[in-house]
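Below is one structure; the comments refer to it alone.
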2 protein chains.
Amino acid sequence: MRIGVLAKAAGVSVPTIRYYESIGLLTPPARQGGQRIYGSEDVKALSLIRHCRDLDFSLDDIGDILASLQRRLPCSDTKSFAEQHLRSIRTKIAELRALEATMVALVSGCETTCCGSTAPDCVILQPGQVTCG
Amino acid sequence: MRIGVLAKAAGVSVPTIRYYESIGLLTPPARQGGQRIYGSEDVKALSLIRHCRDLDFSLDDIGDILASLQRRLPCSDTKSFAEQHLRSIRTKIAELRALEATMVALVSGCETTCCGSTAPDCVILQPGQVTCG
DNA sequence: CTACGCCCTCAAGCCACTTGAGGTTCAAGC
DNA sequence: GCTTGAACCTCAAGTGGCTTGAGGGCGTAG
């Protein structure tokens, strides 16, 4: 199949496939008249990459995951990748929640204190006024 | 004061200050012998930018905020920037929580189903198995 | 043989910086 | 006046994960 068919089959854009090839994440396929020709394993590989991107793994991590597939490493390897990723997701959630609390405090501070004045005096823009994160 | 002093006063790195100037966020200061010389208003302006970056506003947004300061627009303008930003923070939190739930399901699925097998069969890597987001 | 869609490569753009190379200016000490 | 060292300067490239655009080649149907 040609690249456009692969793209639809795996749910990835054509330039993205070429990009993955350029960084060594996908192995370059055979060519016919200069055009890339793919097989069904390529659909599998690319679908896996897409799945991992949906889970927000980095391309670096995905490279490691693909390598562990090729070496037939045990499943526990995959799981530890996933657990580490889960920890970083939770860290990011905690940071965003702290930021959310800060923003809520600033907005309500604006409503009770300075609404009606001009921007330079707004509590939202006062450094070091309210910080929850 | 010179750029290094400003940097410490506002809690921003020296290259970052030059970068802000290059994109037009900071107005270019006077020079002495080719070196940038700043005043106390520059500390204020840069501290404000840093404050907004701490709140994770984009530099584009910060440009708009600075413009609304210069035009002495009402505080309600600032507040609506903040509210919109708060909404996008909450959207991102929701996305990350869905992702967190998916990852938890995948990891526990791995523990109960496939731990001990090799990576290619791991449920974590099966597209379309578990999706919460 | 022409039209059209799909394919190709290469380069640049996005965001918010950081890092590095290679050179200049300033302040202090001798 | 000279040297040293820190701080300054500019310009270019790298980060991540693509997307977009320019300018051209290939394949097939009419």
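Order of the sequence lines sets the chain letters (A, B, ...), proteins ahead of strands, with each chain counted from 1. Keep in mind that the numbers below use all heavy atoms, side chains included, and drop hydrogens, waters and symmetry copies.
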Looking at every heavy atom in both [X] and [Y], which two are closest together, and how far apart are they?
| X | Y | result |
| --- | --- | --- |
| A:I65 | A:F81 | CG1-CD1, 3.9 Å |
| B:C110 | B:V123 | N-CG2, 3.4 Å |
| B:L125 | A:C52 | CD2-SG, 4.1 Å |

Starting at atom [atom1] of [X], determine the distance to atom [atom2] of [N], rounded to an integer number of angstrom.
| X | N | atom1 | atom2 | result |
| --- | --- | --- | --- | --- |
| B:K92 | C:dC15 | NZ | C1' | 12 Å |
| A:I37 | C:dC8 | CD1 | P | 9 Å |
| B:D54 | C:dC17 | CG | P | 10 Å |
| B:L26 | C:dC17 | CG | P | 11 Å |
| B:Y19 | C:dC15 | OH | P | 8 Å |
| A:R2 | C:dC7 | CZ | P | 5 Å |
| B:Q35 | C:dT24 | CD | C1' | 8 Å |
| B:R31 | C:dT24 | CZ | P | 16 Å |

Review point. Are B:L86 and A:L96 connected in the hydrophobic side-chain network, where two residues link if heavy atoms are under 4.5 Å apart?
Key: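 Yes, because B:L86 and A:L96 connect within a single hydrophobic cluster, where side-chain heavy atoms sit under 4.5 Å apart.
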Practice item. Check every strand shown and say whether B:Y20 touches a base, only sugar-phosphate, or nothing at a heavy-atom separation below 4.0 Å. Key: sugar-phosphate
Exercise for review: Remember a base hit wins even if backbone is also touched, and classify B:I3 as base, sugar-phosphate or nothing at under 4.0 Å, heavy atoms.
Suggested key: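 Answer is sugar-phosphate: B:I3 comes under 4.0 Å of backbone atoms only.
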**Study point:** Earlier contact from the 5' end, DNA chain C, for B:G33 and B:L59
**Key:**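 Upstream on the strand: B:L59.
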Given [N], is OP1 or OP2 found less than 4.0 Å from the side-chain N or O atoms of [X]?
| X | N | result |
| --- | --- | --- |
| A:R36 | C:dT9 | yes |
| A:R18 | C:dC8 | yes |
| B:S58 | C:dC15 | no |
| B:S13 | C:dT18 | yes |

Review point. A:R90 side chain to A:A94 main-chain N or O, any donor-acceptor pair under 3.5 Å?
Key: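 Checking the backbone N and O of A:A94 against the side chain of A:R90, no donor-acceptor pair under 3.5 Å is found.
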Revision key, fill the gap. Contact span of DNA chain D against chain B, any nucleotide atom under 4.0 Å from a heavy atom, 5' to 3', runs D:dC8 to D:dT10
If you look only at distance, which donor and acceptor atoms sit under 3.5 Å apart when one is on a side chain in residues 20-37 of chain B and the other is two or more places apart or in another chain?
| from | atom 1 | to | atom 2 | distance (Å) |
| --- | --- | --- | --- | --- |
| B:E21 | OE1 | B:R36 | NE | 2.8 |
| B:S22 | OG | B:Y19 | O | 2.7 |
| B:R31 | NH1 | B:G34 | O | 2.8 |
| B:Q35 | OE1 | B:R2 | NH1 | 2.9 |

Check your understanding: Can you find a heavy atom in the side chain of A:M103 that is under 4.5 Å from one in the side chain of B:R87?
Key -> no
**Study point:** Comparing B:G34 and A:P15 on DNA chain D - which has the more 5′ nearest nucleotide
**Key:**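 Final value for this comparison: B:G34.
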